[in-house]
Amino acid sequence: MTDAVRAVRLRKTYGVASSAVVALDDVSFSLRRGSVAALLGPSGSGKSTLIKALGFVSPAEKGQVFFDDRLVVDDGVAQTDLSRLRRQHLGFVFQKANLTSFLNARENVELACELGGKEQGRRRARDLLSYLEVINREDSYPEMLSGGEQQRVAIARALANEPTLILADEPTAALDSVRSRSVMELFRKVAHDRGAAVLVVTHDHRALDVFDVLYEMEDGRLRPYQGQGA
Amino acid sequence: MNLAIRDVRRRLARFVGTAFGLGLLLSVVVAMQGIYAGMVDDATILTRAMHADLWVVQRDTHGPFADGSRLDPSIEARAASVPGVKRARPYTYQVIQREYRGDTMRIALVGLGWPDDAGGSLPIVRGRGLGQAHGEMIADASLGLAIGESLVLAGEPYRVVGLTKNALTSGGDSVAFVSVGDAELVAFDQPAEATQLERSRTVDRLRRTDLGRTQPSLEDLLADPKWRAPALASPPLAAVLVDADAHRVAGVRETMRSWGDVTVYSQDEEETLLLGGVVQRARMQIGLFTVILTLTAAVIVMMVIYNLTLEKTHDLAVLKLLGAPRSRLLGLVLQQSWLLGVIGYAVAYTIGELFYPMFPRRVLITSTISLVAPIATFAMVTLASLLGLSHVLRIDPARALEG
């Protein structure tokens with residue numbers, strides 16, 4: 001399997017002069033297609049900053065990001081249309097599901113299909129909702145869905161464009177342990193079944209066995225996870 | 001997938017409520033503009049309806065509408081004899097108030113120089129002009145009189161033979177047209193007792209003069225039942241309306257100007273006198289209020305649209321994060337604003353059609369208002385959308401990640 005994404009020596013700083021905080025400190029990272037990785041670490045360690053950098057939402061000031069072995073960001077400068085890259089090759093899952101409030105479950109997924117240029121969006125959306133076992137709620141609006149159902153729809157939406165990379169930022173923070181594990185297992189299933197690379201930011205140590213690779217961040221530095229108390 | 005329609009569908013009740021509110025606001029603004037236009041039109045409609053080239057009035061007055069004008073009736077014949085004059089018509093004007101069918105009825109009574117002027121130039125929408133010198137009336141439809149109905153004035157019945165539309169004075173009073181002779185009868189109507197007293201006083205005065213002593217037959221005139229108390233001479237006119245050959249109007253006017261007892265105005269000048277004098281303050285007041293109301297409505301409409309956009313900030317941030325192209329986001333905001341504008345305008349139009357005719361003052365929706373109102377509405381909602389869009393375009397998609 002090739003690398004879905006590869007970051008080389010990313011550096012990002014918030015603030016200036018004496019109040020400057022280094023959020024990413026020479027972070028290098030790669031993730032292969034078909035693998036699911038967890039990113040752990042305390043609050044403020046730089047996890048979300050890394051997710052934003054890898055998702056081309058808020059690029060790092062220094063360093064390079066390669067996507068499918070193609071240089072797409074070089075020292076903070078986009079080398080391609082990042083919006084297009086996001087809608088065609090990336091999937092996002094957030095702490096809150098962040099479904100579009102005025103679209104029902106099926107339409108949320110269908111819109112992502114449409115944005116990703118996928119044909120037969122409606123059928124594809126229904127297939128994905130079936131795959132994630134929420135097809136029975138396809139006509140429900142987000143506010144009518146439970147937290148777990150919302151996250152399933154959000155994952156279906158993230159899969160809509162057959163993404164190369166799925167970035168999930170604390171997707172189970174609002175869920176109980178049973179539903180939390182269920183969602184993590186879904187990510188694993190998605191990675192293995194569909195060949196996507198999945199990076200999940202999480203504080204939940206109870207489902208780490210689900211992941212293929214574990215990383216942790218501290219003070220803007222990334223390293224392999226060494227276990228609790230390490 | 002049309003996001004604007006789906007957003008509307010999801011929040012239909014609120015959207016319809018907002019559109020209805022917008023429509024009410026627009027209807028008030030349009031009504032105010034219509035009232036202003038109506039006031040300006042009402043102020044001049046009476047002069048325009050007479051289709052006269054020149055208005056001859058008492059010297060140094062702005063009559064007959066701006067201030068009182070009393071012309072000797074002989075002016076009519078004098079004007080008619082001026083070379084180039086095709087027709088000279090007597091004209092009287094007075095406002096009367098009567099009780100009719102339990103309501104107070106204010107009527108601007110205009111005297112027409114029948115038979116030369118039977119009201120053919122008036123905006124008659126039903127019936128006909130005056131067919132005889134006495135006892136007939138052309139009334140404005142706003143008085144609520146029907147063709148064939150009779151109104152008693154000065155003890156005599158006046159049968160309505162024609163109805164005009166929007167023949168109103170600058171004060172909003174409805175106009176009725178009768179012959180000059182009838183108008184004078186109404187103007188100088190007195191109770192029998194008052195006539196008797198005035199007659200005996202006049203006989204006493206006559207007997208104390210040489211004229212009365214040398215010509216006692218003059219007393220016979222006072223016994224004439226048609227005698228009117230104020231004077232033995234014919235009552236004065238308010239104005240004489242002159243129609244002249246098109247190429248000789250200026251010459252006719254110069255000739256009349258040389259007379260010492262009249263002032264002559266063109267049709268345009270007469271209208272300017274009305275707009276600049278009689279209704280000037282009311283016009284400015286309503287005009288300023290209309291401007292303020294229009295600006296206020298514009299700000300409210302824009303704030304409503306702008307806030308509708310701001311409410312979508314989070315949804316738009318998520319859409320941006322998903323990679324939705326800018327045109328998609330612009331479409332969502334613009335289409336919804338335009339839909340709001342269209343529905344709002346339709347509501348305002350419907351309200352106007354249903355309720356403006358019930359307003360006590362005429363609401364005149366001119367072609368300019370009909371054209372400008374939808375364009376202004378479209379411009380307002382578009383401008384508001386653009387303000388909202390400038391906000392949307394600045395949204396950091398990372399906000400979606402912040403939960």
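Lettering follows sequence order; numbering is per chain, from 1.
- Contacts between A:Leu99 and chain B at a heavy-atom distance below 4.5 Å involve the backbone alone (N, CA, C, O).
- When the shell of 6.0 Å around CZ of A:Arg126 is examined, it contains 12 or fewer heavy atoms from other residues, nucleotides or ligands.
- Both the backbone and the side chain of A:Leu111 have a heavy atom closer than 4.5 Å to some heavy atom of chain B.
- Counting heavy-atom neighbours within 6.0 Å of B:Phe289 CZ, excluding the residue itself, gives a total of 12 or less.
- Among the residues in residues 371-382 of chain B, none has a non-hydrogen atom closer than 4.5 angstrom to a non-hydrogen atom of chain A.
- Using modelled atom types, one finds no donor on one side chain facing an acceptor on the other under 3.5 Å when comparing B:Asp315 with A:Thr100.
- Dense packing is recorded around CD of A:Gln79, with more than 12 heavy atoms of other residues, nucleotides or ligands lying under 6.0 Å away.
- The number of heavy atoms from other shown groups lying within 6.0 Å of CZ (B:Arg126) does not exceed 12.
- Taking a 6.0 Å sphere around CZ of B:Phe15, one finds it holds more than 12 heavy atoms contributed by other residues, nucleotides or ligands.
- Across every non-hydrogen atom of B:His314 and A:Asn98, the tightest pair is CE1-OD1, 2.5 Å.
- B:Arg10 forms a cation-pi arrangement with A:Tyr141, by the criterion of a distance under 6.0 Å to the ring centre and an angle within 45° of the ring axis.
- Annotation for B:Arg6: atom CZ counts as buried by contact number, over 12 foreign heavy atoms lying within 6.0 Å.
- Atoms CZ and CG, on B:Arg9 and A:Asn104 in that order, are 6.0 Å from each other to the nearest 0.5 Å.
- With respect to chain B, the highest number of heavy-atom pairs below 4.5 Å among A:Gly121, A:Ser83, A:Ser101 belongs to A:Ser101.
- The most heavy-atom pairs under 4.5 Å with chain A, out of B:Leu3, B:Leu319, B:Val8, come from B:Leu3.
- Within a 6.0 Å radius of CZ in B:Phe20, no more than 12 heavy atoms belonging to other residues, nucleotides or ligands are found.
- The interface of residues 326-341 of chain B with chain A, defined by heavy-atom distances below 4.5 Å, comprises B:Arg328, B:Leu332.
- Heavy-atom distances place both the backbone and the side chain of A:Glu107 under 4.5 Å from chain B.
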